[in-house]
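Worksheet: the structure to be examined is printed underneath.
On a predicted model such as this, the values are computed, not experimentally measured, just so you know. Quick note: numbers below take in every heavy atom, side chains included, and nothing from hydrogens, waters or symmetry partners. For reference, positions follow the sequence shown, starting with 1.
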Amino acid sequence: MTPPVHPHTPRVAVACGCALGEEVVWDARDGSLIWVDIENPAIWRHWPEIGETTRLALDEKIGFALPTSDPDRVVAGFRSGVALFRLSDGTRSPLARPADHPARNRLNSGSIGPDGRLYFSSMDDAEEEATGSFHRWDGKRVETFGGQAAVTNGPFVSPDGERIYTIDTAEGIVRVHDVRGGRIGEPRPLIRFEGSWGKPDGLTLDAEGHLWICHYGAGRITRFTPDGHVERILPIPTPLVTKCAFGGPDLSTLYITTCLRGRDPTLEPMAGHLYQVETEFRGFAANPLDLPQN
């Protein structure tokens with residue numbers, strides 16, 4: 001049976017032409033979007049209501065930039081580790097890094113869970129060796145879980161804090177971990193991508209508990225039911241789809257990052273941009289990381 005196709009067509013929100021756009025998040029405090037370009041290192045911000053966009057160039061690869069309780073600072077996943085980064089002047093303060101973090105690795109995905117902790121992943125920058133993993137940082141200690149992989153995405157924590165989703169992109173497997181009393185359980189396979197689906201990349205959840213997972217190499221996002229069945233397909237007008245997040249005043253607009261690397265922009269002018277599409281669903285705004293009061 002052919003799954004239904006989402007009734008609305010994505011359109012370009014920001015023609016940013018990112019080499020590897022990733023990790024878009026919505027900051028509800030000022031109605032802005034934050035995302036990064038990993039390969040052409042930069043932090044991007046966009047305010048849809050006023051149409052303003054900024055790009056802050058960086059000197060090191062960055063996997064994510066997440067809001068904190070200080071609007072001028074983000075918690076960022078650099079190649080070298082997690083750092084607090086000040087947007088106004090570019091200063092950074094190292095915070096944490098995994099105990100096993102080979103020189104060939106970089107940090108990739110990140111999110112703040114409902115418990116206020118930072119969940120992030122590491123991976124082999126060359127996307128060859130299974131040296132990456134998944135991590136949780138409580139402000140003092142980095143806990144590693146979920147096994148190793150060459151290319152990781154997630155972890156993403158459900159809003160009720162009872163499940164964590166992790167993705168082994170290279171192997172095409174989405175896994176789920178139960179969380180009980182703060183303890184992270186062993187991973188269970190939830191979704192296995194078929195050969196024509198591309199690779200599972202970034203994901204988000206909606207208020208109904210369904211997973212929206214990007215298909216890197218297949219130009220689509222799929223909405224999966226909580227038990228892993230296809231509910232609908234959302235075609236994207238470029239093949240390399242990397243991450244999605246709900247935003248907008250009522251959190252019903254899905255924003256989507258894409259990738260330009262390895263593509264010729266004169267032949268594929270739709271690659272690398274930030275897209276948006278309307279939905280009949282609601283998502284969740286990013287949880288800011290609480291910083292100690294000075």
Side-chain angles (χ1 to χ4, degrees), residues 18-23 35-42 58-66 75-83 94-111 118-137 141-157 164-177 184-203 213-218 239-243 257-263 272:
C18 289
L20 179 50
E22 272 282 10
E23 295 301 299
W35 71 101
V36 303
D37 187 341
I38 297 175
E39 297 289 347
N40 187 13
L58 303 170
D59 59 2
E60 183 181 353
K61 284 188 176 182
I62 182 172
F64 57 86
L66 306 173
V75 57
F78 288 99
R79 177 167 186 151
S80 56
V82 179
L95 294 176
R97 58 182 284 152
D100 184 12
H101 191 59
R104 65 184 294 144
N105 275 19
R106 65 171 174 83
L107 302 190
N108 194 38
S109 301
S111 63
L118 171 65
Y119 293 79
F120 66 100
S121 65
S122 56
M123 60 172 277
D124 176 16
D125 192 34
E127 303 182 10
E128 297 172 348
E129 302 293 330
T131 55
S133 194
F134 306 95
H135 316 278
R136 178 171 68 178
W137 180 61
R141 184 176 69 92
V142 175
E143 174 187 358
T144 298
F145 65 95
Q148 292 188 299
V151 183
T152 56
N153 272 283
F156 198 94
V157 187
I164 298 174
Y165 299 95
T166 57
I167 296 179
D168 184 332
T169 297
E171 297 298 324
I173 302 174
V174 182
R175 298 183 173 96
V176 60
H177 309 245
I184 302 173
E186 292 298 313
R188 296 180 284 108
L190 179 66
I191 302 163
R192 295 183 184 272
F193 267 43
E194 300 176 7
S196 62
W197 287 11
K199 296 293 186 180
D201 206 307
L203 79 156
I213 301 180
C214 299
H215 293 239
Y216 187 89
L240 306 182
V241 188
T242 56
K243 185 68 169 71
T257 52
T258 63
C259 175
L260 180 60
R261 68 174 179 180
R263 328 299 286 190

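- Side chain of His135 to backbone of Phe120: no donor-acceptor contact under 3.5 angstrom is found.
- Side-chain atoms of Val36 and Leu58, non-hydrogen and from C-beta on, never get closer than 4.5 Å to each other.
- Interatomic distance, NZ of Lys243 versus CZ of Phe64, reported as 12.0 Å (0.5 Å rounding).
- Glu127 CD to Thr152 OG1: the interatomic distance, rounded to the nearest 0.5 Å, is 10.0 Å.
- Annotation for Cys259 and Leu20: closest pair SG-CD1, 3.7 Å, computed over non-hydrogen atoms.
- To the nearest 0.5 angstrom, Ile167 atom CD1 is 4.5 Å from Leu203 atom CG.
- Atoms CG and CG, from Asn105 and Asp124 in turn, are 6.0 Å apart once rounded to the nearest 0.5 Å.
- Put simply, the side chain of Ser121 never gets that close to the backbone of Ser133: no donor and acceptor are under 3.5 Å apart.
- Closest approach of Thr169 to Pro200, counting heavy atoms only: OG1-O, 2.8 Å.
- Nearest approach of Asp125 to Arg79, heavy atoms of both residues: OD2-NH1, 2.9 Å.
- Two residues are said to be in side-chain contact when any heavy atoms from C-beta on lie closer than 4.5 Å; Thr144 and Asp100 fail this criterion.
- Of all heavy-atom pairs spanning Asn153 and Phe134, the tightest one is O-CE2, 3.4 Å.
- Looking only at distances, no side-chain donor or acceptor of Thr258 sits under 3.5 Å from a matching main-chain atom of Gly21.
- Remark: the backbone N or O of Ala19 is not paired with any side-chain donor or acceptor of Asn40 at under 3.5 angstrom.
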### Task
Could you walk me through whether Thr131 and Gln148 pass the side-chain hydrogen bond (donor to acceptor under 3.5 Å, both in side chains) test, one step at a time?
CA-CA 6 Å; Thr131 55; Gln148 292 188 299; over 6 Å; no
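- Of the possible polar contacts, one joining the Lys199 side chain to the Ala170 backbone as a donor-acceptor pair under 3.5 Å is found.
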Kindly indicate, with the supporting measurements, whether the criterion side chain to side chain contact (heavy atoms under 4.5 Å, CB included) is fulfilled by Lys61 and Glu39. CA-CA 6 Å; Lys61 284 188 176 182; Glu39 297 289 347; 3.4 Å; yes
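- The aromatic rings of Phe145 and Tyr119 sit perpendicular, their planes meeting at an angle over 60°, well past the 30° parallel limit.
- Between the Glu60 side chain and the Ser80 main chain, a donor and an acceptor come within less than 3.5 Å of each other.
- By the 4.5 Å heavy-atom criterion applied to side chains, Pro239 and Arg263 are counted as neighbours.
- Note that the CD1 atom of Ile184 and the OG1 atom of Thr166 stand 9.5 Å from one another [nearest 0.5 Å].
- The two residues Glu23 and Gly63 have their closest heavy-atom pair at CG-O, 3.0 Å.
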- Message: If you apply the rule side chain to side chain contact (heavy atoms under 4.5 Å, CB included), what do you find for Ile38 with Asn108, and how did you get there?
- Response: CA-CA 9 Å; Ile38 297 175; Asn108 194 38; 3.8 Å; yes
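- Two residues are said to be in side-chain contact when any heavy atoms from C-beta on lie closer than 4.5 Å; Val241 and Asp201 fail this criterion.
- In this structure, Arg106 does not pair ionically with Glu22, as no charged nitrogen and carboxylate oxygen lie closer than 4.0 Å.
- Heavy-atom contacts from other residues, nucleotides or ligands closer than 6.0 Å to CZ of Arg104 number more than 12.
- Interatomic distance, CZ of Arg136 versus CG of Leu118, reported as 11.5 Å (0.5 Å rounding).
- Of all heavy-atom pairs between Arg192 and Pro189, the closest is NH2-CG, 3.9 Å.
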